[in-house]
Amino acid sequence: MPVSLAQAARELLKLAGLAGLVAVGCWVSTVLTPPDGRIASVWLANGLLVGLLLGMPTARWWPALLAGYVGNVAANLLTGDPLDLALSLALCNGLEVILAASLLQRRWGSNCDLRHGAVLRDFVLFAVLLAPALSSLLAATILSEHSGLSLLGVLSIWFPADALGMALIAPLVLTLRQGQAAPSRPQLRRWLPDTALLLATALVVFGLGLGRWLPLLLFLSFPPLMLMVMRHGNRGAVVGVLILAVFALLSLMEPGRSADAWGGLSPQARALLLQCYLACASAMALTVATLLEQRQGYERELQQALRRLRSIADHVPAYIGYVDRDLRYRFANRHHRNGYGLEPEGMIGRGVRELFGESTRADFAGPVQSVLEGHPVHFERSARELGGEVYQRVDLVPDRDEQGLVAGFYTLVLDITEGKRAELRQAASERRLRMIADNLPVVIAYIDAGRVYRFCNRTHGAWFGAAPDDVVGRHMERVLPPEVIEAQRYYVDCALHGARAEGSFSLQLGGQLRHVQVCFVPDRGEGGVVRGLYMMMSDVTLAKRAEQRLQQLARYDPLTGLANRRELHEHLGTALNRIQRYGGSLALLFIDVDHFKAINDQHGHAGGDEVLQEIALRLRGAVRSTDTVARVAGDEFVVILEQLRSSEEPQFVARKLLAAMGKPFVLDRGMLQVGVSIGIALGQPGDSADLLLRRADRALYAAKDGGRNTSRVAD
């Protein structure tokens, strides 16, 4: 963005002010040079610049550094240094500022807060030691070449002055920049007595004359300085050290002081002594202040963490507490108020028995003994003291001290009434389902994807001779007989591949042939993955027999056991289809009992039934097993002869039947002579069943008209 003239003017004024401030700092440091000294005891400008640079964006550093360099050169020229020396010494100071500020900026960025121990450590390393050491070495080399001064002598004065100025001024500027040096009026009232005490102590120390009491008097200033640090932290350290620095430097410049008042020390030695003194005071004050700030920060964080933990504990729907070895509460959350009506503050220091009664203490006696021995405890209980049906899950966790001894234990008690009731309902439901499954006459089982039993009912044990508890966990092939495994393999494979499978088969169980109907249903999990299958097997032997019986009744005559009209038509149709496809011929014999009504009238229906049954036996005995014999009406029978060798063969069979019927019938009521009439029809390819029956029927009537007890062949 383009910069307006007004903004440019404001920036130039700021840079000019910075140059003037640096020039004043350099001039003050030069003025504070002790008599007969050539180098300042404390150099203020570098600490001022470092503190300012750390408070501004790096993009504005170079204008600020240039302004500081101009101010430094101007101050050197005012004190009488030639131009080349002024430029060189200002360059040394500028390099010191750039090095210290760059290292701290790279390490901490905009978070250069000296209240943190790590930041203070890096500040001392980079700004107080490393940068002044390099600057003083370069300046000592220049001064020794230009003015003939001793290299070590210059180093011994320049380095402490720069280091001390950096340690005194940079923390002050950083403190002002971070807004920590503007206490309120109530806070000012606290500062007044502490500041007055330090001022009075400094006046006594530096106003009495030092001499041989020098070490003792200098140390007298440390207690009030520490008092300011303890009461005001980092601000107290900066202000206190500055007060001592002012008095110490003024004592160097006091014209009436003789060398004897200083124990015979030279001006350079005095400056070094006070530099060491101020360095010790600064290091001690800033270190203690940082430690106090850290401790207060830790305490604030601890209190904040405790408040968070208390808030969390109070909002957890559980009873949370801490009990010491004497079984007295040291902590309890707010949930105790909701459940037991106990105020958490009122529980502190009171015993478990006093708070909850003897019955509760008895429930906890064993677990408490175990947790005090160092073992975590988990158990469930019925909270009778709360009345009604209330269940709790209790966790007791031991608390060990530094020596590993159990100092107490934490308690976590959850109300699991709803879950317990659901669990009891589920258990009752499972018992009912188990009872139903065990009493159903059906094999019910669950088998996982690995073909391992996970459940089976009591009927399963009755079928295969293994108790359910012995079956669960075993593979199918170790439980079921091989013939059963083979019979149901197809159905199991289908179910494990995700398809419902139903069917039936027969097998030998317990020495009996049983007809079994099976149903295998896949159990699908998430994503449609088959986790196993449900197996149901039922014994349908009785139903199968009943079905066979019904089929027998539907297709066979119940009195004689011969095929009925329906079965006859199916057999006849099949036989005609065979000769249609393969050729050949067949014959149909239509047989009617002569004078059957007279038999019924004379011997009753029971006698008539006996006659019919005997006729059926004689018919079966007179024909081949491949021939079909049927009863189509009350006294009418039909015989189908297949695979005829000649056209005369049906007549031969008819004569055989007549001979068989000619033998007397032995009934319960005596002997009886029975005759039959037979009509014969020869079947050819293309004939229908109805046509053949009509032709045989006409031949039958021809036999009856011909005198009965004979046979006739249809035209």
Side-chain angles (χ1 to χ4, degrees), residues 1-33 40 42-114 123 126-127 131-132 134-135 138-139 142 158 161-162 165-182 238 242:
M1 294 177 61
V3 179
S4 64
L5 291 177
Q7 290 177 331
R10 283 195 296 270
E11 290 298 325
L12 289 176
L13 286 176
K14 289 181 181 179
L15 292 175
L18 177 59
L21 187 61
V22 171
V24 171
C26 295
W27 179 79
V28 170
S29 299
T30 306
V31 170
L32 293 178
T33 302
V42 178
W43 192 255
L44 306 176
N46 292 353
L48 173 66
L49 275 174
V50 169
L52 291 174
L53 290 180
L54 291 175
M56 65 177 64
T58 55
R60 299 176 57 190
W61 278 19
W62 292 111
L65 286 169
L66 181 59
Y69 182 73
V70 171
N72 201 329
V73 171
N76 290 339
L77 291 175
L78 288 175
T79 56
D81 289 337
L83 179 61
D84 58 345
L85 185 60
L87 293 173
S88 300
L89 295 180
L91 183 61
C92 294
N93 289 323
L95 291 175
E96 177 182 330
V97 171
I98 292 175
L99 181 62
S102 299
L103 291 174
L104 288 173
Q105 175 71 18
R106 181 181 294 273
R107 184 73 175 86
W108 296 103
S110 60
N111 298 320
C112 194
D113 190 347
L114 298 183
F123 173 78
F126 299 145
L134 296 177
S135 173
L138 182 59
I142 294 172
W158 187 292
D162 278 15
M166 194 74 73
L168 292 175
I169 301 303
L172 175 63
V173 175
L174 287 172
T175 301
L176 290 172
R177 181 178 62 82
Q178 293 162 356
Q180 301 173 8
V238 173
L242 284 177

Minimum-distance pair of heavy atoms, taken over all atoms of [X] and [Y]:
| X | Y | answer |
| --- | --- | --- |
| Ala131 | Leu99 | CA-CD2, 3.8 Å |
| Gly71 | Val22 | C-CG1, 4.3 Å |
| Leu49 | Ala64 | CD2-O, 4.3 Å |
| Leu104 | Ala127 | CD1-CB, 4.3 Å |
| Trp61 | Met56 | NE1-O, 3.4 Å |
| Ala86 | Asn76 | O-ND2, 3.3 Å |

Give, for atom [atom1] of [X] and atom [atom2] of [Y], the distance between the pair rounded to the nearest 0.5 Å.
| X | Y | atom1 | atom2 | value |
| --- | --- | --- | --- | --- |
| Trp43 | Met166 | CH2 | CE | 12.0 Å |
| Leu103 | Trp108 | CG | CH2 | 13.5 Å |
| Leu18 | Leu13 | CG | CG | 12.5 Å |
| Glu96 | Leu134 | CD | CG | 9.0 Å |
| Cys26 | Leu89 | SG | CG | 10.5 Å |
| Phe126 | Arg106 | CZ | CZ | 10.5 Å |

Would you indicate whether the side-chain heavy atoms of Cys92 and Ile142 approach each other to under 4.5 Å?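 Yes, side chains in contact.
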Quick one: are Asn72 and Leu91 in side-chain contact, heavy atoms under 4.5 Å?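 When only atoms from C-beta onward are counted, Leu91 and Asn72 do not touch, as no gap falls below 4.5 Å.
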Ignoring hydrogens and angles, tell me if any N or O in the side chain of Tyr69 forms a donor-acceptor pair with the backbone of Ala19 under 3.5 Å.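 Such a contact is absent between Tyr69 side chain and Ala19 backbone.
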Can any side-chain N or O of Ser102 pair as donor or acceptor with the backbone N or O of Ile98 at less than 3.5 Å?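 Checked: pair present.
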Kindly indicate, with the supporting measurements, whether the criterion side-chain contact (heavy atoms from CB on, under 4.5 Å) is fulfilled by Ser135 and Leu95. CA-CA 7 Å; Ser135 173; Leu95 291 175; over 6 Å; no
